[in-house]
Amino acid sequence: MTFPPEDRMSELRQLFFESAGELLQTLNEQALQLEKSPGDAEIARSLRRTVHTLKGDSAACGFRELSELCHEFEDVLTLGNTAAAGLVPEIALRAADVFAALLQAYRKGTKLPSIGSLRADIARLAHPAAKGNPAKENSATRKKAAAKKSRWSEYEQLAIARARAENKRVHHVVVDVDPQCGMPIAGRQMVQLALAEMGDVLALYPLEGSHEPITRIEAALVSEKSAEQIRAKCSIPTIAQNVRVTALRAAAGTPTVAAVSSAEAEAGGEVPPPATESGLAGATGTASSDAADSSVHDGSASGESVATLVVASGADNLLRVDAERIDSVLNLVGELILAKSMLQQALMEFGQRFPKDALRGKFADAMAFQGRVLNDLQHSVMKIRMVPVDQLFRRFPRIVHDVGRQCGKEVELVVRGGQTDLDKSILDAMAEPVTHLVRNAIGHGLETAEERVRAGKRPQGVLRLGAYHQGNQVVIEVSDDGAGIDVEKVRQRALAQGLLRTEQAARMSESETLDLILQPGFSTAEQVTELSGRGVGLDVVQSVLTRVKGTIQIETARGRGTTFRLRLPLTLAIIRGLMFRVEQRLYALPLNAVAEIARTLEENIHQVEQYDVLQLRDDVLPLLRLGARPESGPEMARRKVFVLVIHSGERKFGVLVDELVGEDELVIKALDDQSIKTDLVSGASILGDGRVVLILNMIALMDRFTWGRDASGAGMAGLLSSVARAGTGIPVRAAAAGGQL
Amino acid sequence: MEKFAPVTRSEDGQPVRYLIVDDSVFARKNLARMVETFGGQVIGEAGDGVSAISEYERLTPDIVLMDITMPQTEGIEAAEKIVRDHPTARIVMVSSVGYQENIVAALQRGARHFVQKPVKAEVLYEVIKYVMRDDSAAQGAGAGV
């Protein structure tokens with residue numbers, strides 16, 4: 001197959017954007033790893049390789065700015081070794097953001113973002129805190145240099161401050177490198193090893209990959225050893241010419257404009273000597289102000305572009321296919337399933353007309369075979385659309401890192417079940433809600449380290465992301481071990497906001513009350529702190545879940561944390577539906593929502609207040625009457641009805657229907673808002689005989705059930721009358737529908 | 001060649017025992033001569049990384065002087081293997097300036113020190129003294145070059 005050149009080019013570009021997205025994801029991951037294990041040469045190397053690959057790819061595609069930036073970054077990374085990994089992860093993360101913004105701009109053909117600050121960062125890696133000419137140095141300038149502790153990055157400052165707060169001895173070690181030393185980089189490595197033997201190296205300069213000649217090595221070291229012991233250890237022959245070890249007082253109490261501009265700042269004037277005990281406060285202040293700065297990146301770059309650029313990756317034998325192509329295959333499979341139903345219908349009629357005809361058996365066999373193949377086909381195609389949840393989860397280490405820093409909280413992220421498969425379109429739709437929940441959990445769910453310690457917990461909060469299969473559903477869980485939600489406060493708030501009336505409030509169970517926070521308009525930013533924060537825009541989460549026919553369940557325990565459990569269908573396109581009739585009209589509910597089916601007589605249905613209830617074994621089951629309540633009378637009392645028992649999270653209720661029709665694979669056809677105004681119907685499907693079945697929206701039904709109870713004296717009666725009326729001219733593939741509804 | 005005060009093992013005052021690894025016979029002899037002037041004793045030689053490892057196993061020397069570029073198993077790998085099996089092994093890498101990156105890699109994998117080729121006796125002497133120094137006895141022994 002040959003393409004015209006421009007076609008091939010655009011295909012190449014497409015490929016580039018996809019793989020670049022993966023590379024950025026990898027870069028993010030590697031940077032985070034490196035941050036966890038600073039100085040790990042293996043990670044540093046693979047990070048460099050990632051940048052290198054991106055450089056090559058972008059150059060091949062003619063994206064000059066990106067490839068140049070990568071080139072500069074790679075250069076800086078190449079020269080160095082392991083030391084002073086402190087800054088590398090930080091800058092790699094920033095680089096990932098800027099690269100993502102560049103890619104986005106290339107892709108959309110918009111104006112390129114500013115890359116100046118990243119350039120400066122990279123340059124800072126190359127020339128960390130450039131100092132005056134060392135040759136001119138005398139003891140006076142040495143003292144001055146020793147005072148300029150703000151060369152430590154904000155991370156290092158934080159680490160130093162923390163160590164000091166824990167009453168550890170922090171030494172400032174300065175090693176002048178022997179000018180005769182032919183291998184100063186190796187020399188610095190020796191110093192680092194020597195220091196590491198004496199204690200914990202919090203910081204070490206010059207940084208990895210410094211371009212400037214290494215004439216002096218400076219480190220912050222936590223060690224119980226004496227200054228003399230450290231000095232002796234660092235007096236390495238052929239490398240160290242002069243070693244000074246002093247106690248490091250507070251780390252840069254001066255809240256410099258983070259470390260970003262420290263190089264320039266230091267080159268200019270002298271930083272005033274740090275105040276002694278402001279170490280912790282100063283360092284934290286610096287860190288959080290920097291976090292605020294970087295939140296600008298977060299919103300635009302990591303939030304959006306990284307998300308959109310994340311593409312499936314995995315084994316070597318991968319085929320990249322446009323999702324649309326798969327969708328169209330799936331659509332065709334859907335049509336085939338319709339055709340199968342039509343054939344079955346025809347076969348039935350044939351059987352009725354010619355019950356003895358031998359041909360009937362042949363047809364039946366052929367159709368059974370076809371049905372099996374069709375089933376396999378459907379599953380195979382659906383499998384193509386399945387992607388591991390990990391594709392979503394892998395973004396979170398970065399998000400948790402950033403949000404945690406913004407909020408000044410220590411968060412440990414635990415991810416489980418990343419291999420669980422889920423339909424790609426559902427997973428894509430979940431990106432925003434899950435991110436929202438994660439941000440919320442860190443921002444408002446988890447307490448600060450001090451609060452946690454006071455509550456007898458580890459200072460580090462734990463955020464868990466999990467995914468697993470449950471029946472025909474996938475469950476995604478976001479849970480934190482924070483303070484939990486105060487249900488009583490939720491109740492008060494809902495009352496105050498008029499979302500709830502007093503008598504309703506008294507009746508509501510805890511989980512029903514919790515669900516209030518998902519209601520639109522429940523909470524505003526003002527309540528965030530008051531309510532330990534949950535509720536900000538959670539209705540967005542709810543609405544996305546409704547769209548993909550999922551449900552959300554909240555579990556909370558005071559002081560122990562909160563879990564949001566999102567239940568999602570495996571796929572959107574086809575569901576197994578249970579079909580039934582209400583007032584002669586055909587409806588369906590997802591089969592997996594129905595826990596059991598009970599048959600009863602109308603006379604067994606009792607009314608408590610205005611609600612229909614049914615005693616089912618030991619339980620009193622509230623009922624949802626979809627049709628109008630029949631006129632009372634002896635005839636009505638003997639009428640048979642069916643009750644579909646629905647479990648939804650904590651709640652259990654019955655749906656009263658007149659007649660069961662059966663179950664079938666329903667290929668869901670979306671309905672547009674014009675056709676149907678109510679949210680009680682989430683879609684429609686066409687049966688083999690051309691009849692249209694309306695698929696009911698469980699969530700909306702439930703909401704009516706909860707919220708609409710006393711909206712009218714008639715309770716739920718006649719709920720669907722409006723649907724039925726609206727449904728009469730639904731253009732669901734008009735030919736097949738044939739107005740039969 | 002100048003005279004050096006003998007370097008001895010701190011635990012028993014015995015001469016330091018050396019394994020010299022280099023693919024060049026000349027370089028081995030040169031190093032051997034040097035360490036003997038420090039009062040050392042060359043107990044083994046090896047011409048490649050693989051025999052370096054087996055010789056170490058056999059002899060457990062106090063110090064290994066290890067060339068970095070050798071046929072078959074390179075010095076870094078040999079050093080890494082030896083240190084992995086014998087964490088107390090003292091390995092000093094010997095290399096020319098061009099192999100700075102390899103030196104760093106070797107240091108990261110457990111080599112104790114390095115000397116630059118061409119090796120100067122007085123430099124090697126200081127390095128040996130530093131490497132043989134017992135850490136508990138390290139106080140006040142800071143010897144600048």
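Bear in mind the structure is a predicted one, so any value in this text is a computation, not a measurement.
- What you find for A:Ala186 and B:Ile103 is that their closest heavy atoms are CB-CG2, 3.4 Å.
- Interface residue B:Ala111: only backbone heavy atoms are found under 4.5 Å from chain A.
- B:Val104 pairs with exactly one of A:Gln189, A:Met190, A:Met183 by the side chain to side chain contact (heavy atoms under 4.5 Å, CB included) rule, that one being A:Gln189.
- Taking CD of B:Glu126 as the start and OG of A:Ser235 as the end, the distance is 11.0 Å to the nearest 0.5 Å.
- The minimum heavy-atom distance linking B:Tyr130 with A:Ala194 is given by the pair OH-CB, 4.0 Å.
- To the nearest 0.5 Å, atom OG1 of residue A:Thr238 and atom CD of residue B:Gln116 are 8.5 Å apart.
- Between B:His113 and A:Ile236 there is a side-chain heavy-atom pair separated by less than 4.5 Å.
- The environment of NE2 in A:His52 is sparse: at most 12 heavy-atom neighbours from other residues, nucleotides or ligands sit within 6.0 Å.
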